Structure formats: structure tokens, C-alpha cells
Protein chains: 2
Amino acid sequence: MRVSQKTEYALKTVLDLAQHGDAGVVSTAHIARRQEIPVKFLEQILITLKNAGVVGSRRGPKGGYFLQQSPAEITVGAIVRLTESRPALPNNGDAAGEYCPFAEMWKEIEEHVHDTLEGLTIKEMCRRIQERSGKKSDAYVI
Amino acid sequence: MRVSQKTEYALKTVLDLAQHGDAGVVSTAHIARRQEIPVKFLEQILITLKNAGVVGSRRGPKGGYFLQQSPAEITVGAIVRLTESRPALPNNGDAAGEYCPFAEMWKEIEEHVHDTLEGLTIKEMCRRIQERSGKKSDAYVI
DNA sequence: AGTATTCCGATAAAATTAGTAGGGTATAGT
DNA sequence: ACTATACCCTACTAATTTTATCGGAATACT
């Protein structure tokens with residue numbers, strides 16, 4: 001039961017764009033350096049995100065990527081669904097007409113995970129970072 | 001985000017023992033046939049279960065496996081933990097001192113999944129099967 | 001023109017999962 | 001004691017998935 005590196009990268013990428021995309025676009029190279037993602041791998045991920053309409057792009061010098069939806073609209077679930085394409089949990093259906101109680105169990109868990117991820121937005125993630133850094137500052141101030 | 005076939009097999013195996021182990025032991029061959037699990041793969045799984053103390057065994061003719069704990073004591077989580085050994089979710093910790101809000105998110109989800117699986121026993125799974133087959137019977141009776 | 005950057009397809013390497021092979025070991029029944 | 005049965009164990013192989021890498025084409029800015 002695992003989440004792929006690709007998904008983790010995709011999330012960090014969108015978060016990076018939300019945090020550093022204020023003034024225009026952000027280049028692949030910048031994201032890669034900050035989030036420690038292999039450049040070529042990141043390119044693929046960005047293309048995926050672009051095809052899904054999450055980000056937009058501008059080519060050529062001074063080019064780069066930017067969020068095409070607001071951080072408040074982009075849910076974590078939406079990103080995860082893009083990169084975690086395969087059937088999340090065993091759809092080991094009721095083989096041979098047999099009822100399998102585990103299938104039901106997995107389904108319930110899957111739904112809960114889905115709802116949780118769908119309830120978390122990139123904006124919320126940014127807020128949590130703010131919150132954390134805020135607390136840090138307080139400690140220093142005192 | 002997936003659960004391995006091995007885990008699914010292990011769960012079905014324990015369930016099979018709970019359902020067919022009333023009168024002594026159940027052989028690998030029987031479990032394999034009923035649950036459609038490759039025999040040699042099943043052997044490995046049973047050894048894992050045995051080493052964990054979930055099942056016991058008797059060798060020789062008329063030998064086989066049996067539950068060493070009561071179905072009410074065996075939780076689904078206990079089985080899953082045996083076969084799903086690797087770190088469940090990316091412990092992509094706070095690399096370079098950076099705070100990562102996703103780590104926290106995954107942790108919360110992981111805990112919920114853990115609690116859910118830990119709250120479900122094999123006995124409960126058996127009950128659900130009973131319940132389901134009971135409803136079926138009712139339909140016929142009427 | 002020259003350069004920076006996104007775009008795209010193919011391929012390769014690594015890791016994990018799923019399954020096989022083949023023999024070893026204990027035990028029940030004869 | 002012999003033999004058949006079934007557990008026990010280690011190693012290996014095959015398939016799949018994940019994680020990249022490579023090389024270049026398209027595009028846009030200066």
C-alpha cells in the first residue's frame with residue numbers, strides 16, 4: 001500500500017507553482033532544483049498536469065509553467081488521480097459468484113481516502129506551511 | 001496506492017481456515033483450490049502466517065494448517081502488516097529542514113487505514129458472509 | 001540567427017511483485 | 001521399516017511497475 005514517487009513529485013510541483021508563481025511563470029529547472037526532482041522526470045509530470053488542465057505553459061526563453069486553476073480549486077485528490085492511474089485497490093471482485101467481504105472493506109477504505117484527498121486543496125496546503133513558519137517566527141520573537 | 005495480491009491471498013487464506021477448519025486441519029491443496037491461489041505461492045504465505053503465530057501446522061498425511069488464534073482475536077490489520085511489509089506511505093520526511101504538508105496528510109490517512117483494519121476481525125468477516133448468505137436464503141424462503 | 005525553454009516519444013535501468021522449481025523433513029498408515 | 005502425504009525452505013525466474021534517461025523537435029524571445 002504505497003503512493004508513488006511520481007505522485008509525491010506532482011504534488012510538490014503544484015505546491016511549488018502556487019508558492020512561486022506569483023509573478024508569471026516558473027521554469028522546470030527552478031522547480032526541479034527546489035523540490036529535488038530529476039529534471040527529465042519532472043518534464044513528464046508537468047506535461048501530464050498540463051494535459052489535465054491543471055497548469056499552463058509558455059515556451060521559449062522566459063517561458064515556464066503556471067497554475068491554470070486557483071489553488072483553492074485544485075484538490076490533492078485531483079492530482080493524485082492523475083498520477084496514480086492504476087486501480088487503487090484490488091477489484092478482486094466476487095470471483096465465481098462468491099461474496100468476498102474484503103472487497104467491500106477495501107472499497108470503504110478507498111472511499112474514505114478519496115474523500116479526504118478531495119477535501120484538501122492546494123490552498124489549504126499553502127496555509128499549513130504559512131501556519132508552520134508563523135509559529136517558528138513567534139518562537140524567535142519571544 | 002495498492003494492496004498486493006499476496007495480502008489478498010493471505011486474508012483469504014485465514015478466512016478459509018476460519019470457515020473450514022472446524023474439524024482439525026486444512027491442507028494447502030484445499031485452500032489453494034477453493035481460493036484460487038497458486039499452490040507454491042500459498043505455501044510461502046502460510047509459512048509467513050505460521051512464523052507470525054497466526055496459524056499452526058501438522059505435518060504428514062492428514063496434516064495441514066489451523067488457526068492458532070481465535071477469529072475474534074485476529075484482525076485484518078495484523079495480516080496486512082505481515083504481508084505488506086514495506087513502508088506504507090512515503091516517509092519523504094522534511095528534506096533539508098523543509099516542512100512538507102503532504103507528509104502530515106499521508107500520515108493521517110495511514111493512521112485511519114490502520115485503525116480501520118485493526119478494528120476488523122476475521123470473525124467479523126465471517127459474520128458478514130453469514131449475513132449475506134442469510135439474506136440470500138430469505139429470498140428463496142419467500 | 002541564436003538561445004532558452006517547453007514538448008514528445010522511445011528506451012533503459014532499477015525495484016517490486018508474482019509465481020516456479022526442486023528438494024528437504026516430519027509423520028501417519030500400512 | 002516403507003511409503004505416501006503434506007509441510008518446510010531456499011533459491012531462482014518472469015512479469016510488471018516505477019523511475020528515470022536520452023535525443024531531439026517545436027516554439028518563442030532577444
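Convention: sequence-line order gives letters A, B, ...; per-chain numbering from 1. Computed from a predicted model, the values in this text were never measured in an experiment.
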Novice: Of all the nucleotides listed (D:dC22, C:dT6, C:dT20), which has the minimum atom distance to the side chain of A:K40?
Specialist: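 Ranking D:dC22, C:dT6, C:dT20 by closest atom to the A:K40 side chain puts D:dC22 first.
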
Novice: Round to the nearest Å and state the distance from A:K6 atom NZ to D:dA20 atom P.
Specialist: 11 Å

Novice: Nearest-Å distance, CD1 (B:I45) to P (C:dG19)?
Specialist: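 Rounding to the nearest Å, CD1 of B:I45 and P of C:dG19 are 9 Å apart.
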
Novice: Please state whether the phosphate of D:dC8, meaning OP1 or OP2, lies under 4.0 angstrom from any side-chain nitrogen or oxygen of B:K50.
Specialist: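 B:K50 to D:dC8 OP1/OP2: side-chain N or O found under 4.0 Å.
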
Novice: Tell me, please, which residues at least two apart from A:E104 pass salt bridge (Lys or Arg N to Asp or Glu O under 4.0 Å).
Specialist: none

Novice: My understanding is that only residues two or more places apart in sequence, or in another chain, count here; which of them pass salt bridge (Lys or Arg N to Asp or Glu O under 4.0 Å) with B:R34?
Specialist: B:D16

Novice: Do the charged groups of A:E131 and A:R128 touch, with an N to O distance under 4.0 Å?
Specialist: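 No, A:E131 and A:R128 are not salt-bridged.
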
Novice: Under a 4.0 Å heavy-atom cut-off, which of residues 22-32 of chain A touch DNA chain C?
Specialist: A:S27, A:T28

Novice: Listing time: all N or O pairs from protein to nucleotides 25-28 of chain C that are below 3.5 Å?
Specialist:
residue	atom	partner	partner atom	Å
C:dT25	O3'	B:R59	NH2	3.3
C:dA26	O4'	B:R59	NE	3.1
C:dA26	O4'	B:R59	NH2	2.7

Novice: Tell me which one of B:L67, B:I74, B:I47, B:V25 satisfies side chain to side chain contact (heavy atoms under 4.5 Å, CB included) with B:V55.
Specialist: B:L67

Novice: Quickly work out the B:E8 CD to C:dA18 C1' distance and round it to whole Å.
Specialist: 14 Å

Novice: Measuring to OP1 and OP2 of C:dT5, would you say a side-chain N or O of A:S57 lies under 4.0 angstrom away?
Specialist: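 No, A:S57 has no side-chain N/O under 4.0 Å of OP1/OP2 on C:dT5.
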
Novice: When you check the phosphate oxygens OP1 and OP2 of C:dA18, does a side-chain N or O of B:Y9 lie under 4.0 Å from one of them?
Specialist: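 False: B:Y9 side-chain N/O out of range (4.0 Å or more) of C:dA18 OP1/OP2.
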
Novice: A:S57 and A:K50: side-chain donor and acceptor closer than 3.5 Å?
Specialist: yes

Novice: So, A:E84 and A:R2, do they make that salt bridge, N to O below 4.0 Å?
Specialist: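 No salt bridge links A:E84 with A:R2.
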
Novice: Looking at B:S70, is its backbone amide N or carbonyl O close enough to the side chain of B:E73 to form a donor-acceptor pair, meaning the two atoms are under 3.5 Å apart?
Specialist: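 Yes, because the side chain of B:E73 sits within donor-acceptor range (under 3.5 Å) of the backbone of B:S70.
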
Novice: Taking only residues two or more places apart in sequence, or in another chain, which ones meet A:E43 in a salt bridge (Lys or Arg N to Asp or Glu O under 4.0 Å)?
Specialist: A:K40

Novice: Mind calculating the distance between CD1 (A:I47) and P (D:dA25) to the nearest angstrom?
Specialist: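 Interatomic distance, CD1 of A:I47 to P of D:dA25: 16 Å.
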
Novice: Send over the distance from A:N51 CG to C:dG9 C1', rounded to a whole Å.
Specialist: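 Rounding to the nearest Å, CG of A:N51 and C1' of C:dG9 are 13 Å apart.
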
Novice: Say whether, by atom type as modelled, one donor and one acceptor occur between the side chain of A:R59 and the main chain of A:G63 under 3.5 angstrom.
Specialist: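 Side chain of A:R59 to backbone of A:G63, a donor-acceptor pair under 3.5 Å: no, none is there.
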
Novice: Please tell me which of A:E43 and A:P38 maps to the more 5' nucleotide of DNA chain D, matching each residue to the nucleotide holding its nearest heavy atom.
Specialist: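 Upstream on the strand: A:P38.
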
Novice: A:K12 has an atom NZ; how far is it from atom P of D:dT19, in whole Å?
Specialist: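 It works out to 13 Å between those atoms.
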
Novice: Using atom CD of B:E84 as one end and atom C1' of C:dA18 as the other, report the distance to the nearest whole Å.
Specialist: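 In whole Å, C:dA18 C1' lies 13 Å from B:E84 CD.
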
Novice: So which protein nitrogen or oxygen atoms get under 3.5 Å of nucleotides 11-16 of chain D's nitrogens or oxygens?
Specialist:
residue	atom	partner	partner atom	Å
D:dA11	N6	B:Q44	NE2	3.0

Novice: Would one find a side-chain N or O of B:Y65 under 4.0 angstrom from OP1 or OP2 of D:dC8?
Specialist: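 So the side-chain polar atoms of B:Y65 do come within 4.0 Å of the phosphate oxygens OP1 or OP2 of D:dC8, strictly under.
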
Novice: Answer yes or no: is there a side-chain heavy-atom contact under 4.5 Å between A:L117 and B:M105?
Specialist: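 A side-chain contact under 4.5 Å exists here.
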
Novice: Identify whether the distance between the nearest side-chain nitrogen and carboxylate oxygen of B:K12 and B:E8 falls below 4.0 Å.
Specialist: no

Novice: Nearest whole Å is fine: how far is D:dT10 P from B:F41 CZ?
Specialist: 17 Å

Novice: Judged by atom type as modelled, is there a donor-acceptor pair below 3.5 Å linking the side chain of B:T116 to the main-chain atoms of B:H112?
Specialist: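 Side chain of B:T116 to backbone of B:H112, a donor-acceptor pair under 3.5 Å: yes, one is there.
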
